[in-house]
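Let me begin by presenting the structure, written as structure tokens, before commenting on it.
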There are 2 protein chains.
Amino acid sequence: MPRDATLEDVARHAGVSLATASRVLNGSTRQVGRALRERVERAAAELGYTTNRAAQALARSASDILGLVVHDLSDPYFAVVANAVVRESERHGLSVMVGTTFRDPEAEIGYVATLRAQRVRAIVLAGSRIADETVTERLRAEIDRFQGGGGRAALIGQDLLGVDTVVPDNRAGAYELARALAGLGHTRFAVLTGPSFLLTAVDRVEGFTAGLAAAGLPEPLLIPGPFDRDGGYLAAERLLALRDTTAAGVTCVFAVNDVMAVGALAALRAHGVAVPEQISVAGFDDIPTLRDLTPSLTTVRLPLADMGRRAVELALATTGPAAEPATAEVVLRESTRRVS
Amino acid sequence: MPRDATLEDVARHAGVSLATASRVLNGSTRQVGRALRERVERAAAELGYTTNRAAQALARSASDILGLVVHDLSDPYFAVVANAVVRESERHGLSVMVGTTFRDPEAEIGYVATLRAQRVRAIVLAGSRIADETVTERLRAEIDRFQGGGGRAALIGQDLLGVDTVVPDNRAGAYELARALAGLGHTRFAVLTGPSFLLTAVDRVEGFTAGLAAAGLPEPLLIPGPFDRDGGYLAAERLLALRDTTAAGVTCVFAVNDVMAVGALAALRAHGVAVPEQISVAGFDDIPTLRDLTPSLTTVRLPLADMGRRAVELALATTGPAAEPATAEVVLRESTRRVS
DNA sequence: CTGTTAGCGCGTTCAT
DNA sequence: ATGAACGCGCTAACAG
């Protein structure tokens with residue numbers, strides 16, 4: 001196993017000192033004579049030399065890695081955010097190390113620890129915070145340790161950790177959505193709420209309910225369930241089961257994210273309920289991949305890619321903790337109709 | 001900026017030698033006396049010590065990072081694959097460093113170089129190879145250098161680089177799809193081929209054409225274009241424009257991937273062409289997120305997550321170059337209908 | 001079982 | 001402009 005060429009190999013091969021080789025091959029401000037510089041470059045090329053970044057990081061005590069923690073890369077929400085984070089990081093010359101937690105808060109804490117061990121330059125945490133003081137506190141402690149060691153961190157989600165955060169405007173978005181749907185004439189609503197421990201879900205439910213109240217409408221029927229496609233499917237089935245009782249008169253369903261809405265659409269279709277003729281459906285996020293659905297989904301657009309990009313900016317900036325809102329915008333499409 | 005605690009800090013704090021601290025804190029086989037062990041652990045906890053992995057990697061000359069290179073994380077195909085790669089890597093105690101190339105071969109080569117500089121343990125390259133000998137050769141050279149330094153590499157795609165590869169059975173899948181569609185009675189086909197330099201696209205087109213030939217049917221009408229959603233949309237529009245001439249009699253369209261098929265469906269819908277009543281549409285990949293489309297999409301299923309998982313296994317195994325097929329399976333759904 | 005010490009590959013003063 | 005030497009944090013002989 002012929003080991004990689006080292007800087008010393010290059011220096012010797014070029015007949016110069018280690019320091020000189022270092023200066024020409026890695027971004028030093030110091031100048032090196034033209035002749036030597038070329039000798040070193042030739043030697044490096046001949047030996048196929050590549051900087052050992054681990055060693056460089058150690059010597060400089062500064063890595064060029066950015067850590068990213070998401071719930072689930074196969075969820076298009078995070079896929080889009082992650083894509084933007086990677087892209088923006090590359091623009092800054094950083095490599096990205098990703099971790100997936102599958103919504104396990106312990107895994108999230110563990111991943112921050114791993115990234116701290118890696119001495120990454122910055123960490124971006126994407127995804128809903130959890131309604132659990134203890135866990136949140138432990139995560140905050142881990143992040144504090146990371147920042148204590150000189151690291152930077154930024155969040156996408158609820159501003160709960162005392163670090164720079166891009167805050168999706170879940171409440172306002174859902175509020176406006178409720179008003180828009182009320183404007184279409186709907187009066188009885190059901191909400192597929194997702195789990196009550198997910199703050200993102202909670203914020204959206206609360207915003208929606210507040211919007212209905214502001215329109216002078218009664219509280220919606222709340223149907224909890226998992227935050228994913230199957231959760232939306234099951235919740236929609238439960239709604240149908242309640243059609244003749246609690247859910248009587250419901251003409252519009254709000255699923256707190258697009259992926260759940262897709263599940264709900266599938267369930268309604270499977271049970272022969274026409275959308276939007278018999279019931280209207282709305283989601284949240286405006287996932288690009290889902291824009292070609294039929295019927296096209298009424299939803300609330302979040303600037304996903306932009307959020308990822310801005311999170312990286314925040315994580316790389318040197319300013320103190322700040323919360324930046326990411327504006328949500330209602331998009332009415334075919335899955336909701338006007339009722340008399 | 002209070003720097004992180006080091007092993008030496010811990011050792012001093014616990015009143016033991018550096019070596020002892022190292023032995024208890026990091027996985028050495030060596031045993032340490034119970035008393036000292038506890039003292040060290042306590043000291044580490046008190047100081048909030050975390051191993052500096054960069055230093056550890058340097059000392060051990062072996063990192064615990066796996067590099068992953070994909071075209072585009074926001075493309076659900078790669079999102080699913082990447083998710084599986086991350087998951088499997090975590091299972092092996094490895095962290096994942098991702099890079100996105102957006103189908104730029106230069107970027108791909110560059111990323112392998114970056115990962116080599118990082119001295120990652122293994123690299124997984126996902127995504128279609130390109131029909132360009134020169135570029136392929138340069139990528140191969142870069143990978144060889146990486147492997148020369150003791151790294152391991154695995155591929156998902158065409159077996160062209162002389163490393164372990166998970167080979168999606170594009171040809172056979174498309175071949176079977178053609179036969180299945182022929183079995184439905186279709187005789188005139190169009191193929192939205194994607195770009196001719198993408199081997200994945202080419203393989204699928206060739207397999208499909210071969211399948212038609214085997215069924216005694218004429219060659220399909222080929223319509224090239226980009227490999228993404230918009231490419232599918234545009235190609236479908238071009239197909240419609242040819243309806244009264246070259247494309248006369250075409251009753252079935254094969255888009256070489258699901259995302260393109262979605263674009264095609266959108267275009268057909270926009271132009272008032274009913275699917276499958278007026279024309280049948282089929283895709284390839286069976287992207288999970290797209291399974292709830294209406295009409296549901298006839299496609300060829302690829303075991304995406306499994307492919308990612310297996311690529312990691314290959315990259316971590318010590319065996320020599322091998323090519324493992326990933327079987328493709330035709331899934332007939334609503335977007336294609338039987339014709340007389 | 002525990003401690004000493006020599007590297008791992010590179011950056012960076014400090015002389016020259 | 002160039003080189004010698006020390007340090008970054010940790011592992012792995014080697015010696016006791």
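Quick note on labels: first sequence line is chain A, next is B, and so on, each numbered from 1. We use all heavy atoms of the structure for the numbers below, so side chains are in, but hydrogens, waters and symmetry mates are not.
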Residue pairs fulfilling side-chain hydrogen bond (donor to acceptor under 3.5 Å, both in side chains) with at least one residue in residues 316-326 of chain A, sequence neighbours excluded: Arg310(A)-Glu324(A)
Those residues that, when tested against Arg42(B), pass side chain to side chain donor-acceptor pair (under 3.5 Å) (two or more places apart): none
Residues that Glu8(B) engages under side chain to side chain donor-acceptor pair (under 3.5 Å), provided they are two or more places apart: none
At under 4.0 Å between heavy atoms, what does Leu18(B) touch on the DNA or RNA strands: base, sugar-phosphate, or nothing? base
By side-chain contact (heavy atoms from CB on, under 4.5 Å) - contacts of Arg103(B) (at least two apart): His71(B), Asp75(B), Phe78(B), Leu198(B), Phe227(B)
Check side-chain contact (heavy atoms from CB on, under 4.5 Å) between Ala323(A) and all other residues, then give those that pass, not counting sequence neighbours. Asp159(A), Val167(A)
Look at the side chain of Thr165(B) and the backbone N and O of Leu155(B), then say whether any donor-acceptor pair between them is shorter than 3.5 Å. no
Check the interface with nucleotides 7-9 of chain C: list each N/O to N/O pair with the protein under 3.5 Å, or write none.
residue : atom : partner  : partner atom : Å
dC8(C)  : O2   : Ala59(B) : N            : 3.3

Is there any ring pair (Phe, Tyr, Trp, His ring centres under 6.0 Å) pair reaching into residues 97-154 of chain B, and which pairs are they, with sequence neighbours excluded? none
Send over the distance from [X] [atom1] to [N] [atom2], rounded to a whole Å.
X        : N       : atom1 : atom2 : result
Glu38(B) : dC1(C)  : CD    : P     : 15 Å
Asn26(B) : dA12(D) : CG    : P     : 10 Å
Arg53(A) : dC8(D)  : CZ    : C1'   : 18 Å
Leu25(B) : dC10(D) : CG    : P     : 9 Å
Arg12(A) : dG3(D)  : CZ    : P     : 14 Å

Establish, with yes or no, whether the OP1 or OP2 oxygen of dG3(D) is under 4.0 angstrom from a side-chain nitrogen or oxygen of Thr20(A). yes
Are Ser22(A) and dC10(C) close enough that a side-chain N or O sits under 4.0 Å from OP1 or OP2? no
When the axes are fitted on five pairs at both termini, how much does the helix from dC1(C)-dG16(D) to dT16(C)-dA1(D) curve, in 10° steps? 40°
Salt bridge check: are Arg138(A) and Glu108(A) linked by an N-O gap of less than 4.0 Å? no
Who are the ring-ring contact (aromatic ring centres under 6.0 Å, His included) partners of His13(A), not counting sequence neighbours? none
